[in-house]
Structures are given as structure tokens and as C-alpha cells.
> 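Once you've had a glance at the structure underneath, I'll fire off some questions.
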There are 2 protein chains.
Amino acid sequence: MYQEILSHIQEYIQLDATEVELFTSMLVRKKLRKRQFLIEEGSSVNYQYFVVSGCLKAFEVDENGDEHIIQFAKENWWISDFKAFFDESNSKLTIDSIEESIVLGIEKNDLEELYRKVPKFERFFRIKLTRAYVALQNRILSSLEKTNEEQYLDFQKAYPNLEQRIPNYMIANYLGIQPESLSRIRKRLVNN
Amino acid sequence: MYQEILSHIQEYIQLDATEVELFTSMLVRKKLRKRQFLIEEGSSVNYQYFVVSGCLKAFEVDENGDEHIIQFAKENWWISDFKAFFDESNSKLTIDSIEESIVLGIEKNDLEELYRKVPKFERFFRIKLTRAYVALQNRILSSLEKTNEEQYLDFQKAYPNLEQRIPNYMIANYLGIQPESLSRIRKRLVNN
DNA sequence: AAAAAATATTGACTTGGGTTAAGATTTTCA
DNA sequence: TGAAAATCTTAACCCAAGTCAATATTTTTT
């Protein structure tokens, strides 16, 4: 049950049996059916989540009611509204499942306790955040430098096999283009 | 000399005299004249920098030789090529000064030693990275949701007073539009 | 298996911002 | 201060992607 998250964490820090016990005792398992909400806009965000299986998306709804996907999360990814989680503010993001999914949540207070008792976890999340920060920088640079076609190809490389699990209109949304445009890009790519 | 960086850090963690001494002993001061490079593309990146005064920009040069600005850094901001710094890879970013600037650098080995000896610094940078991550998420959401005019107004809000210190063509570059377009937007704004 | 819902494609038309080019204005520095 | 460099603005034209609308295809549900 905890093997995925433990081996994920132990890629970065080493844990002894007591630490594993403390950490896993803090985890809450949630099972989501397809299209079920994990975090709803406007609610408080008490958990950050590790995806054991399945796939979710985080998006913001704009003033016209349109969704804008900021992140997909499949197996071994972390997802939450990190701003709301850290600020204890209300969520501006919505997170729901694209497939039936299993996630492990850790509560904010537990996480703070974990940082106090096992400071290595500060290190773990510092490293994860550094990588996440760099990934977002690259996404921005890609949007500044590249055509939509190139960004689509980048997406396929960055998230191998994810495309088969997600409808095209969500990929278009993530890329900031209309589904019609993605359809034209895909057509161009198969013809060439 | 160290008062800015120390009060910046002590917003998040408390340091005693020994810790202050250890930390400041690791800092290297660099003074840059306008247009001087801090990090050049292709070089190794041994430092991350805190800006004491002045203003710098980090950008990537694309295959056509065009620059794309990913970040400005003024007083109390951190800047580096964090990917290259952490991976010990060669820099894909270039960083140079927009104004005469003073920065404090900390070397990678020293930072690792600091983490070992004063784990609170892991906490400090974890918190800073969380905020930086959220800021980049917001920048991406802004680019997905908003018109160029709205993004320009967001930039002015997010970086008050910075606009007066930076040429418009760099702001246009940061926003991913042509200077001509920014000029049109600015004209529209004064007329309305 | 049929109906309903969700997803994907295509075509016609429109438009915001890119491109090119020229000139105006401001800043830098010898 | 004056020349050179850097920066900003305006105009004309063009194109990639948005919009709107219709239809096709796939998936889900009953």
C-alpha cells in the first residue's frame, strides 16, 4: 500500500523503520472515481496528495467560466493547491480525477510535525520543489520560444504515454490553444 | 553589508550569532556594472545569488538567436540558473545586469555544508521555493487566461516600480509579445 | 443494443498580434 | 555638448489561430 510513495521518497532521502512508521501513520488514503473532485474551488486545502494510481488535473476557472489546466498528475506525482495549502487560504484551483484514482494525502499539521521530527523531509520537499520550479520555468520558456506545434511535441516528450489517457481537448487546454487548433496540428503532423 | 540578506532570511527562520557568522562567511560579494554577465550560457553554475542592489535579468537564447526573459531580479530576490546549479550541468540561461548591481553569491558546496550544519536553511529555501513555484503557476495561468493587455497590467502590479527601471522592450520580451504590440497596448491604455 | 453523452474533426470567416520599415525620441558616453 | 547608440512609436500588410457552426466518431450508460 505504501510501497510506491516510500520508494519515491527514498530516491532522495533514507528513512529508518521508525521514520517510515511515523510518516505512513500520517497518510490518508482516498479513492476517487472518474470525474470526482479532490479539491473544490473556494474550499480550504488541508492536504497535499501523492498519486498512487490514476490521473488527475488541476485547473482554474476564469471569469467566463472557462477552465484552464495548470497541471496533470499521474502515478508518483504530487498535487494540491500549494498556495492555499501553505497560506491556509481558500483554493483558487479545482482538482478532479480524469481516471479512477488512488491518492495518499498528508495533512498540513502532520506535515509540520514531520518536518520537526524528521528534518530530512524538509530536504526531500526542497529538492522536489526545485525540480518542479525548473519544470515550470521550462514550460514558460517553451511558450515564449516555440510554436504551438513544437509545444505539443514537447508535451508528448515530457509526459510519455499520458496522451493516450487524456482527451485531446484537455491537452489543448493545457497548451493554451483551442481543440480545433490541436486537431489541425495533429492532422499536419500525420500528413508530413 | 549583510543586513539586507540577514533580515530577508530572518523573516522565515531565526539565526543565532554562530549561525550568522557561518552563513556570512560563505558569502561572496560581486559588483556588476550595467550589462555585465553574471552567468553565461554554457558555463557551469557554482553559485546562487541574492541581489543586494540593482536589477538583473535571466534569459534563454533560442535557435534564432533571440532572447527570452524568464525572470527579473531586483533587491531581495534570488537568481541563478537553478537547474544547472542543482544538476551541476552547464547553464542554458544567461544572466546579466540591467543596472549596476551588487549581489551576494553562495557556492554549491558551501550551501550543502550549510544545510548539514544548520538544517533550518533547508526550511528557508523550501519555503522560498514554494512561493516561487506558486508565482510561476500564476504566471502560466495568467498567460492562459488573460489578454496581453491584462498580463501587462498584472506585471505592473506584481512588480511595482520595476517598470520605471526596465526598458519597455524587455517587458515586452518577458510578456512574450513584440515591442510594437506593447507600444500599441500602452497607447490604448492612455487613451481610455 | 440503443440512446445519450462526450469527444474529435472540418470548413468558412474574422482578428489580434507578428513582420517590416521608417522615423522620432531618449539615453549614453567620448 | 554633440554624436552615436539605444529605445520607442506608428503605419501597412499578412498570417496563425480564434470563432462559429455543422457533422462525424467514440465512449458511456441504461
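Chain naming here is simple, since letters A, B, ... match the order of the sequence lines and numbering starts at 1 in each. Note that the coordinates shown come from a computational prediction; the quantities given were computed from them, not determined experimentally.
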> Contact boundaries of DNA chain C with chain B (under 4.0 Å, heavy atoms), 5' to 3'?
dG17(C) to dT28(C)
> Should the pair Lys30(A) and Tyr47(A) be classed as cation-pi, given the thresholds of under 6.0 Å to the six-membered ring centre and 45° from the axis?
yes
> Would you indicate, yes or no, if dG18(D) has its OP1 or OP2 atom less than 4.0 angstrom from a side-chain nitrogen or oxygen of Ser181(A)?
yes
> Tell me what Leu182(A) touches on the nucleic acid: a base, only sugar-phosphate, or nothing, going by heavy atoms under 4.0 Å.
nothing
> Tell whether Gln178(A) reaches the base of dC20(D) with its side chain through a donor-acceptor pair below 3.5 angstrom.
no
> Look at the side-chain N and O atoms of Asn148(A) and state whether any lies under 4.0 Å from the OP1 or OP2 oxygen of dA16(D).
no
> What are the two closest non-hydrogen atoms of Ile79(A) and Ala58(A), and how far apart are they?
CD1-CB, 4.0 Å
> Ignoring hydrogens and geometry beyond distance, is the side chain of Arg184(A) in donor-acceptor contact with the base of dT19(D) at under 3.5 Å?
yes
> Aromatic contact between Tyr174(A) and Phe72(A), with the criterion being ring centroids under 6.0 Å apart: yes or no?
yes
> May I ask you to decide if the ring planes of Tyr133(A) and Phe82(B) are parallel, tilted or perpendicular, using 30° and 60° as cut-offs?
perpendicular
> In residues 150-170 of chain B, which ones come under 4.0 Å of DNA chain C, going by heavy atoms?
none
> Would you say the ring centroid of Phe50(B) lies under 6.0 angstrom from that of Trp77(B)?
no
> Looking at Arg33(B) and Glu100(B), is there a salt bridge between them, counting it only when a charged N and a carboxylate O are closer than 4.0 Å?
no
> I want to confirm an ordering. Mapping Glu180(B) and Arg35(B) to their closest nucleotides on DNA chain D, which one lands closer to the 5' end?
Arg35(B)
> Is Lys187(B) close enough to dC8(D) that one of its side-chain N or O atoms is under 4.0 Å from OP1 or OP2 there?
no
> If the plane angle is over 60° it's perpendicular, under 30° parallel, otherwise tilted; pick one for Phe124(B) and Tyr12(B).
perpendicular
> Reading DNA chain D from 5' onward, which residue's closest nucleotide shows up sooner: Ile185(A) or Ser183(B)?
Ser183(B)
> Specify whether Phe155(B) and Tyr159(B) have parallel, tilted or perpendicular ring planes, treating 30° as the upper limit for parallel and 60° as the lower limit for perpendicular.
tilted
> Mark yes or no: Arg126(A) above the aromatic ring of Phe121(B), with NZ or CZ under 6.0 Å from the six-membered ring centre and no more than 45 degrees from the axis.
no
